[in-house]
Amino acid sequence: MMAAQSNLKNMVLCLTAVCFVCAAVLAATYAVTQEPIARTAQHTLQQSLAEVLPQDTEIDVQEQTLLLDGTSYSYYACTQDGRVQGWAIRSVTAGFGGPLTLLVGVRADGTVHAAKVLSHSETPGLGAKCKEDRTFTGQFKSFDPRTRKLAVRKDGGDIDAITASTITSRAYTLAVANAVKVAAALQDGTREEDPQNE
Amino acid sequence: MEYFLIIVSAIFVNNIVLAQFLGICPFLGVSNRLSTAVGMSGAVCFVITLATVVTFLINHYLLVPLNLTFLQTISFILVIAALVQMVEIVLKKAAPALYQALGIFLPLITTNCAVLGVAITVVSKEFAFGGAASHLMNLGEATVYALATSLGYALAMILFAGIREHLAQSDVPKPFKGLPIALITVGIMAMAFLGFSGIV
Amino acid sequence: MSKWSLITKGFIKENPTFVLVLGMCPTLAVTTSAMNGLEMGLATMFVLLLSNIVISLISPIVPDKVHIPGYIVVIATFVTVLQLLMQAFVPAVYEELGLFIPLIVVNCIVLGRAEAFAGSHGAGESALDGIGIGLGFTVSLTLIGIVREALGSGAVFGWKFISGDGILAFIMAPGAFLVLGYLMVLFNKLAKK
């Protein structure tokens with residue numbers, strides 16, 4: 001065994017060597033895993049987008065952002081024959097246990113196509129149902145905010161809340177409503193930019 | 001208003017010990033006596049706030065611009081370890097009275113996962129309070145969040161130590177002695193804290 | 001100590017959860033289901049095994065006064081390797097366990113084994129020690145997960161045996177403390193015999 005006295009030179013040398021080797025190991029791992037990580041993320045994104053946007057459209061996976069009422073929203077557009085058919089908008093609100101992040105697909109005519117929970121920290125068994133409870137999430141499919149009100153029944157709207165989870169349901173509905181607003185702003189934008197659209 | 005919501009949420013609703021399960025080891029380890037619990041809480045508040053500010057700056061001005069975020073875990077833990085050492089040295093020289101009070105707890109804090117936990121949380125998690133806005137925290141919010149979280153730690157720790165001093169004198173069935181009864185007590189405390197959820 | 005007992009000691013004699021009472025944070029936080037407990041246990045075992053081997057190899061050349069920082073750097077490296085691998089190949093699991101993967105760095109079990117065992121034993125023995133303690137940790141976490149999932153959602157490993165919800169409190173924070181407390185009581189009773 002080598003003598004390892006605790007003098008300053010040994011300590012500095014040794015720690016430097018350890019850090020150097022570790023950094024090298026990490027850099028190598030990072031280089032190897034970077035591509036699979038990016039691919040997995042891309043794949044997950046594509047899957048989520050396909051779930052909330054109309055079928056048979058071309059989805060642009062390039063993230064775009066829009067500033068509305070002081071909040072920055074990221075969104076993805078989908079097109080058919082060069083015409084915008086809808087947007088998938090990332091919308092975050094405060095749920096019961098923390099932020100509730102949705103990806104909301106809104107068609108170009110302003111109706112909701114579908115919504116999907118990206119992340120949440122709601123109570124398991126109660127608010128967490130907003131992720132898979134079809135009777136709740138199904139209400140948003142093809143919801144037209146012009147003919148019906150996008151709010152839970154308690155607030156005078158047309159959405160039935162999840163039993164015992166009004167706050168989560170409210171947050172979910174608000175996230176969808178915000179996304180609809182973003183889509184409306186985008187719609188105005190596309191009209192201005194692209195007058196021959198009509 | 002937003003700061004107020006952050007503070008209430010971090011102290012009561014998402015209490016770091018009772019809802020997020022961070023820093024359990026020292027929470028169980030040094031809560032036998034009220035006086036040590038107070039000392040440890042003070043030291044933790046100090047280190048969490050300081051460490052969060054420093055790691056936030058490092059992440060924001062060094063790791064993110066250089067695209068080195070994969071070094072986050074390793075650099076944060078080194079910063080925390082170094083910081084604890086430095087705080088110890090500075091306190092010893094500058095404020096011997098404070099050092100006397102906090103001294104023995106400082107070395108223990110490096111391995112308190114609450115410190116690293118808060119440091120990672122503020123740079124990686126999006127926050128949304130009240131309205132619709134959600135974003136990564138800025139420095140001011142991160143500092144307030146860290147301070148409030150550590151106050152929540154202190155609250156849980158001091159309450160628990162108070163209960164535990166009484167527990168020590170009560171007649172507990174043998175297999176329950178020590179940690180088991182302590183854990184069950186924390187469980188009941190956590191249940192009480194559940195009552196706060198949903199207020200923010 | 002025989003090689004076999006190095007592996008089996010983690011289950012009862014030096015069980016990291018019920019006897020050594022180390023690594024409580026992940027033990028309580030991620031055991032909302034049996035699967036989560038199992039995954040967390042295996043993730044910790046990965047780090048424990050590799051860091052034990054490397055630390056036993058480098059400990060003779062690390063000066064005494066700086067061995068803790070040195071060990072922490074080694075452990076943090078393996079944790080980051082684990083983070084990157086999980087992100088690349090099992091992103092769903094990585095999302096589920098979240099913050100508690102990077103927090104393996106400060107899991108007292110890992111540094112504790114480095115200090116108490118790997119620093120003074122050979123690589124082979126340290127590897128076995130890592131496996132043994134890691135397995136003990138995995139078994140304990142899975143056990144707590146099974147109990148909480150069974151009571152809280154009426155299911156084990158995702159297989160439901162009652163329809164509807166269980167007692168929700170058990171998958172929320174209080175249930176974690178209660179289940180661990182009562183399991184410890186049970187362990188004390190059985191182990192004393």
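Numbers restart at 1 for each chain; the letters A, B, ... are given by sequence-line order, proteins then strands. These numbers were taken from a predicted model, which means no experiment stands behind them.
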Students often mix this up, so state it plainly: with edges at 30° and 60°, are the rings of C:His121 and C:Phe117 parallel, tilted or perpendicular?
parallel

Okay, C:Leu111 and chain B: the region with an atom under 4.5 Å from a heavy atom over there is side chain

Go through the atoms of B:Gln20 and report whether side chain, backbone, both or neither lie under 4.5 Å from a heavy atom of chain C.
backbone

Stepwise, does the side-chain hydrogen bond (donor to acceptor under 3.5 Å, both in side chains) test hold for C:Thr44 with C:Asn107?
CA-CA 9 Å; C:Thr44 312; C:Asn107 188 326; 4.7 Å; no

Looking at C:Pro174, C:Pro26, C:Pro69, which has the largest count of heavy-atom pairs under 4.5 Å with chain B?
C:Pro174

May I ask you to check whether over 12 heavy atoms, not counting those of B:Lys92, lie within 6.0 Å of atom NZ?
no

Pick one of side chain, backbone, both or neither for C:Leu99, based on which atoms fall under 4.5 Å of a heavy atom in chain B.
side chain

Test item: B:Ile184 and B:Phe176 side chains (from C-beta on) under 4.5 Å apart, heavy atoms
yes

Heavy-atom distance under 4.5 Å to chain C: side chain of B:Leu28, backbone, both or neither?
side chain

Relative to chain C, which of B:Gly178, B:Gly23, B:Cys113 shows the most heavy atom pairs under 4.5 Å?
B:Cys113

Under 4.5 Å from any heavy atom of chain B, what part of C:Val105 do you find: side chain, backbone, both or neither?
side chain

With chain B, the option among C:Leu84, C:Ile68, C:Leu22, C:Val73 that has the most non-hydrogen atom pairs under 4.5 Å is C:Val73

Quick one: what part of C:Gln83 sits under 4.5 Å from any heavy atom of chain B, side chain, backbone, both or neither?
side chain

Heavy-atom distance under 4.5 Å to chain C: side chain of B:Ile77, backbone, both or neither?
side chain

Could you look at B:Ile74 and say if it's the side chain, the backbone, both or neither that has a heavy atom under 4.5 Å from chain C?
both

For B:Phe27 and B:Phe21: C-alpha separation, side-chain torsions, deciding distance, then whether ring pair (Phe, Tyr, Trp, His ring centres under 6.0 Å) applies.
CA-CA 10 Å; B:Phe27 177 74; B:Phe21 307 105; over 10 Å; no

Where does C:Phe100 contact chain B at under 4.5 Å (heavy atoms): side chain, backbone, both or neither?
side chain

Please classify the contact between C:Thr80 and chain B as side chain, backbone, both or neither, with a heavy-atom cut-off of under 4.5 Å.
side chain

Counting heavy-atom pairs under 4.5 Å with chain C, which one of B:Gly117, B:Ala182, B:Ala19 comes out on top?
B:Gly117

Is the number of heavy atoms from other residues, nucleotides or ligands within 6.0 Å of OH (C:Tyr182) greater than 12?
no

Decide yes or no for B:Phe12 and B:Ile7: does some side-chain heavy atom of the first lie under 4.5 Å from some side-chain heavy atom of the second?
no

